[in-house]
2 protein chains.
Amino acid sequence: MADDAPGFALPLLLLQAFRAIVDDLHEELARAGHPGVRPVHGFALQAIRPQGATAAELGRRLGVSKQAAAKTIDALERLGYAVRRGDPADGRRKLVCVTPRGVDLLELSARLLDRIRGDWAARLGQERATRLERDLATLAERDGAAHALRVDAPGWFGHHE
Amino acid sequence: MADDAPGFALPLLLLQAFRAIVDDLHEELARAGHPGVRPVHGFALQAIRPQGATAAELGRRLGVSKQAAAKTIDALERLGYAVRRGDPADGRRKLVCVTPRGVDLLELSARLLDRIRGDWAARLGQERATRLERDLATLAERDGAAHALRVDAPGWFGHHE
DNA sequence: AGTCTATCGACAACGTGGTTGACTATCTAG
DNA sequence: CTAGATAGTCAACCACGTTGTCGATAGACT
């Protein structure tokens, strides 16, 4: 810290970069026939794939309650990206599966994110782009272990613990 | 993208790194006598400094409504980090000022963030740390202009537009 | 002065998206 | 067969944003 950037710049930069990428992605998704999709949908769809998941499983993967996961699934179902189907092997479970439209969304997102990554890799240079990702992975570690996804957490940012 | 990392890794990495830093910071803040403070408080306090601000100004700086800003100010006041005082020159305005405790929080946060930055700079090397920040700044740009703060936006991430 | 308009801060109502709790149905171990 | 764990759903609640409205004040214009 005896040198240049003050420490508080880093989290700002990370957040801004995250928002820039996600906003860019969803602008293009909207343009490409997926106007209603929100960031959380992509995360959830990713967490469902590839074998499907139940609401409780999805909740665990996303770090939220099964009730919250169920609401997200409701939204995905309403938007046509997922369907619930009963599990013949277990009467309690309802397997959530990604629809073809959901698969299309994920594949399109992957292509767009590759394109976005390609854009800044072109600006930065391939070598620095790769190193940026590697260094970010280092940053993302805490206590040696990778920080779990935890997109969630109402009030994580907000006014109360 | 003909090479290594798939594009979808990048936003994940950015988000995880952001959370890792912020969680680290607030763990230490809690240990150092600021247990109740949340990320949003630091952002707001920063936005108030150095000359103070009214609720409406703060809302504009943070990209939220003045009512939402007022609620944040309520929290800051309750926690002892800010005070509202009437403006003798303008009967409508109530100037929000950072208390000594608030200044202490900001200075401590700055020191801790410098320390956190120093930690990973030590792991990465000074040169790469500096370049990481520079490259992140490039990433954070959209349409040439820096992405505004916009910590806010209920449902930006969530289920509806 | 008087009036029009913009702004401040506050109050209320509402919406979204998370939470916990309770309940039933079903699976599984003993 | 029974006990306990677990799936999903319903209901209540809470946090944190929103918009709408309102009275008070400031400033400009007649």
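In what follows, every heavy atom counts, from backbone to side chain, and hydrogens, waters and symmetry copies are set aside. Residue numbers start from 1 in every chain, and the chains themselves are labelled A, B, ... in the order their sequence lines are given, proteins ahead of strands.
Considering only side-chain atoms of R60(A), the nucleotide from dT19(D), dT9(D), dA7(D) that sits closest is dA7(D). With dG9(C), dC10(D), dG17(D) as the choices, the nucleotide that has an atom nearest any side-chain atom of A68(B) turns out to be dG17(D). Nearest to the side-chain atoms of K94(B) among the listed nucleotides dG9(C), dC27(C), dC8(C) stands dG9(C). Comparing dT18(D), dC8(C), dC27(C) by their closest approach to the side chain of R92(A) singles out dC27(C). Residue A56(B) places its side chain closer to dG9(C) than to any other of dA22(C), dG9(C), dA7(D). For Q67(A), the side-chain atoms get nearest to dA22(C) when compared with the rest of dC8(C), dA22(C), dT19(D).
Computed from coordinates, the D74(B) CG to dA12(C) P distance equals 14 Å when rounded to whole Å. Atom-to-atom, CZ of R38(A) to P of dT16(C) comes out at 14 Å; the value is rounded to the nearest Å. Summarising the geometry, the separation between CG on D87(A) and P on dA7(D) is reported as 12 Å, rounded to the nearest angstrom. Counting to the nearest Å, the P atom of dC16(D) and the CG atom of L58(B) are 15 Å from each other. Atom CG in L62(B) sits roughly 14 Å away from atom P in dC16(D) (whole-Å rounding). I73(A) places its CD1 atom 10 Å from the C1' atom of dG8(D), with the value rounded to the nearest Å. In this structure, L95(A) atom CG and dC27(C) atom C1' are separated by 15 Å, rounded to whole Å. For the pair K71(B) NZ and dA13(C) P, the computed distance is 13 Å after rounding to whole Å.
For dT19(C), one of the phosphate oxygens OP1 or OP2 lies less than 4.0 angstrom from a side-chain nitrogen or oxygen of S65(A). At dT9(D), one or more side-chain N or O atoms of R84(A) fall inside 4.0 Å of OP1 or OP2 (strictly under the cut-off).
Judged by distance alone, the side chain of E77(A) and the main-chain N or O of R84(A) form a donor-acceptor pair under 3.5 Å.
Taking CG from L136(B) and CG from L12(A), the interatomic distance works out to 11.5 Å, rounded to the nearest 0.5 Å. With rounding to the nearest 0.5 angstrom, the CD1 atom of I48(A) is 8.5 Å from the SG atom of C97(A).
Applying the 3.5 Å distance criterion, the base of dG8(D) shares a donor-acceptor pair with the side chain of K66(A).
Between F157(B) and F43(A), the ring-plane angle classifies as tilted under the 30° and 60° cut-offs.
For the pair T72(A) and A89(A), nearest-nucleotide mapping onto DNA chain C gives the more 5' position to T72(A).
Residue-level contact check: T54(A) touches the backbone only, with heavy atoms under 4.0 Å from sugar-phosphate atoms and none from bases.
Two different hydrophobic clusters hold L95(A) and V98(A) under the rule that ILVMFWY side chains link at heavy-atom gaps under 4.5 Å.
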